Every structure is written in C-alpha cells, then in structure tokens.
Amino acid sequence: MAERIKVTVGVAGGIAAYKAVEVVRQLQDAGFDPHVVMTEAAEKFVQPLTFAAITGHKVISSLWSEDAGASGGEVSGIEHINEAQTTAALVVVPATADILAKFAHGLADDFLTTMYLASNAPVVVAPAMNVVMWQHPATQANLEILRKRGVTIVEPNSGYLACGMVGGGRLAEESAVVAAVAEVLASTTAGERSDLEGQTILITAGGTREPIDPVRFIGNRSSGKMGYALAAKARCRGARVILISAPTALPAPEGCELVPVTTAEEMRTAALARLREASIVIMAAAVSDYRVTEAATQKLKREGPRVLQLEPTADILQEITHERRPETMVVGFAAETENVLTNGRAKLARKGVDALVVNDVSGSETGFDSDRNAGWFLTPEDTKEFAVSSKAAMADRILDEVVRLRSTHGRAVTGRR
Ligand code: CTP
C-alpha cells in the first residue's frame, strides 16, 4: 500500500473543536495520515485521548515534553521543528480569532503557533467563532494578511451559532475542510507534474443552447465549471488543450485554445473538425438531446397555448468514438438522477467510450453549478469512486485515471482498435 501523506491538524480552543474529530476521521477516509496538535484551550473542549485513539499517534500540545526538567528529561523544543518539516500540510480546525491573530502577526507562544512559523507546508484554516468576532475589522484584517500570504481559508457558513446568534462564523462542513486540504495538496503536487506533456486534449464544456426564436432557447443547468477545471488542470500538467465551449459565465482558462460554440450542431462541427489533432477527448459538455425543428425567425408573441416540435440532435460522443483515430482515447460524462451506477454502466457500453465519469446530479451539494463534485470513474474493468471534492481536485483525479489508463492499456480499453 502506498504510504499515506502526513497532515497535521491543529485544534484550537473553540466550541467547534469537537468537529475536528470528524475532520480527522474524514482525512483518514480520504487516505491521509492525520497527526493532531492541540492548543491548551482546545483541551478544555476535547480530550487529547480522543484524537490519539483515532489517529494512533501521540497528540502534541505543549512545547515542552512531559518529563522536561525531570532527571535526564529533555526539553522537546525541537519537536515543533520536526513536526513542521515532516508534514505535508497544516490544517487548523477550528481556527479561532486568537489563532488567526497569532498566525497573522507571528506570535509563537505554544506548539501550534510555533509550528506554523517553523513550517513551509501549505496552511489551511477553517475559522469558527461568534459572528461579531468574525465580522470585527481586526479579524477580517488578520484574514486578509493570511490570504495574501497564501493561506487557504475555508469560509465559515451562516447558521445558528453556539452563542444563539445567527450569522457567519459557523465552521464550514467537515467535508469542505477535507476537500480544501486535498485540493491544496493536489495543486502542490500537480505543479511538479508534467505527465500530460506531448498530449493534445480536446475538451467540451458548458451547456448548449437550442434556439426557439431570436431571444429564447432550450438550455440546461450546466455551468461549465467541471470542463473548465479539466482544461485548466490538463494545461498545468503539460497538455495542449482545445476547449470547445458552449456559453458559460467563466473566464477562459489560461493557455487553452478556446473554441466558442452555442448549439449542439456547432459543437459537433467543431469537435469533428479538431478531432484528428487530439490524443485524448473528454466530453464534459451537457449537450441538448433535442432542438426545435424550426426555430422562429421573429420573436414569438404570447398567443395562448403553443406546441414546440422537437427533433433529436446528433450524439456527438458516439460520432467521436466512431471517427477517432485508433490511438485516441475518449472519456465521456454522464449526468444521472437515479440508478446512477447501473445507468452509467449501460451508457459506458452504449457509447463505446474508454471511460465514463458518472455524476449524481440529484443533490444540491454537488453537480450542476456547484463548485464541488463527486462521482465514479467507470471503465469496462473497473469502478473508482471519487468522494466529494472541489471540481478542481476532481479534475486532477480524473486526469490521474486518464494517465493511468494510457500507461496500462496503451490507448484504450474498448471501442475500435
Ligand atoms: N453527449 C453528446 N451529444 C449529445 C448528448 C450527449 O456528445 N447529443 C455526450 C455528453 O457530452 C456526455 C455524454 O454524451 O459526455 C452523456 O451525456 P448524457 O446527457 O448523460 O447522455 P445522453 O446520451 O444524452 O443519454 P440520456 O440523456 O438519455 O441519459
């Protein structure tokens, strides 16, 4: 088994400290090896033993070892340096107003604050505090200092706080904290990767629009965020990227060749025209399955009930799998609302693709227009689950699988050879 990545969880003294237990557990589920550092105040809320039992590691809270000063006892003043240099990331949950202030101004009066200064590892903080403290200019100024310094801030939610007030300052969902850690680490390692160098990746993104008349269209809820995240990540990893995009509100990812389209037919024409250049195709677009048979040339007036006649659009993905060069790998997407895995497997076979990313779009936390996503990466041989993460982190995981498939199967696993 691959060695798990060590992550240090700093627990500060706030009422939300108990939630750090769940964060630690979820970090383990995500494949990390969490070690816990507590402030003295945090120990008033949660017993160190709880964390020690879950992680299997000693919990550190003091700059001084327990037997310091005893016969031969050694001061463990060096331990924070060791912890700081061996960890891949420091995540503080909950980050109290006091910890944010100390981090921002470089105060180092306990293990956690000293370790922060002694570490070059990426830092994630998940603030939680009373809403007035959260909104206080001092706290906001400290956050700004940390943000400028590159610290990732997992914004708190609004909601009922322990003090009975409603407002910002409530710790973000535990899964959001874990996703932020995964993302920070993915981007740190992705920066060093160039495993897509030499590849040309054609990506489709966004939701197509089929005109009804000059001002109205049939569209869908796709935001394009997943396709754009894939394009940006593929570019970072060294690929040449052709991004065929239906309308979105997103800025063009840097370094990608953007081909703007509107309708399914325009997307089809553009995709087929550029197909021969591609070694990998990823179809993340939500393509309309129908278009209006005869769109009106003038704006339709309100005149009682109206029936729109629709006709099917071409299935671009299926055409691509037929037209591709034998060595071109094709990955499709599927948005499902029920029987997600069964429908996904059937679609994988029907479309003749090498792999299919399946999303459950029935919930609000992930999928359309959300910044987060989850799903499965299906190949004829394998099912890999992606836990909830940011779309950027999920893009990296999809590309990891694409790279793995390429290296284990040459080009592809299904379709024509
Ligand atoms: N797709 C496509 N052309 C279409 C419809 C879909 O290329 N006209 C692609 C999408 O980009 C995606 C995959 O096919 O990669 C699956 O899209 P989805 O809408 O889930 O599947 P459909 O084939 O439309 O099946 P259904 O709507 O019946 O579930």
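A quick note: this is a predicted structure, and the numbers were derived from the prediction, not measured. Counting starts at 1 for both ligands and their atoms, following the listed order.
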Tell me whether ligand 1 is touched by Ala314 - counting only heavy atoms on the residue side and a distance under 4.0 Å.
yes
Taking 4.0 Å as the limit for heavy-atom contacts, which would you say applies to Asp289 with ligand 1: side chain only, backbone only, both, or neither?
side chain
Phe333 to ligand 1: N or O pair under 3.5 Å?
yes
Fit a plane to each ring of Phe377 and Phe386, take the angle between them on a 0 to 90° scale, and name the class: parallel (under 30°), tilted (30 to 60°) or perpendicular (over 60°).
tilted
Is there at least one pair of N or O atoms, one from Glu336 and one from ligand 1, spaced under 3.5 Å apart?
no
So, regarding Ala334 and ligand 1 (criterion: nitrogen or oxygen to nitrogen or oxygen, under 3.5 Å), is there a contact or not?
no
Return yes when Lys347 approaches ligand 1 closer than 4.0 angstrom through a heavy atom, no otherwise.
yes
Is it the case that ligand 1 has an N or O less than 3.5 angstrom from some N or O of Val287?
no
Is Arg268 close enough to touch ligand 1? Criterion: a residue heavy atom under 4.0 Å from a ligand atom.
no
Which residue and heavy atom of the protein sit nearest atom 7 (O) of ligand 1, plus the separation
Leu317 N, 2.8 Å
Looking only at distances, please establish whether an N/O atom of ligand 1 is found under 3.5 Å from an N/O atom of Gly332.
no
Can you confirm whether some protein heavy atom lies under 4.0 Å from atom 23 (O) of ligand 1, or whether none does?
yes
Under 4.0 Å between a side-chain nitrogen and a carboxylate oxygen: does that hold for Arg276 and Glu323?
no
Charged N to carboxylate O under 4.0 angstrom, Asp195 versus Arg237?
yes
Would you mind telling me which of Met226, Arg397, Met394 makes a side-chain contact (heavy atoms from CB on, under 4.5 Å) with Val357?
Met394
Could you say whether the N/O atoms of Ala285 and ligand 1 ever approach to under 3.5 Å?
yes
Could you tell me which atoms of ligand 1, counted from 1 in the order shown, lie closer than 4.0 angstrom to a heavy atom of Arg350?
25 (O)
Does the pair Lys301/Glu303 count as a salt bridge with the N-to-O cut at 4.0 Å?
no
Distance-only donor-acceptor check, side chains Thr139 and Asn142, under 3.5 Å:
no
Could you tell me if any non-hydrogen atom of Ser288 lies under 4.0 Å from any atom of ligand 1?
yes
Under-4.0 Å salt bridge between Asp110 and Lys102:
no
Does ligand 1 have an atom under 4.0 Å from some heavy atom of Gln318?
no
Should the proximity of Glu265 to ligand 1, defined as any heavy atom under 4.0 Å, be assigned to the side chain, the backbone, both, or neither?
neither
Is the contact between Thr313 and ligand 1 made by the side chain, the backbone, both, or neither, using heavy atoms and a 4.0 Å cut-off?
side chain
Knowing that exactly one of Val358, Asp354, Thr379, Leu356 qualifies, which makes a side-chain contact (heavy atoms from CB on, under 4.5 Å) with Leu348?
Leu356
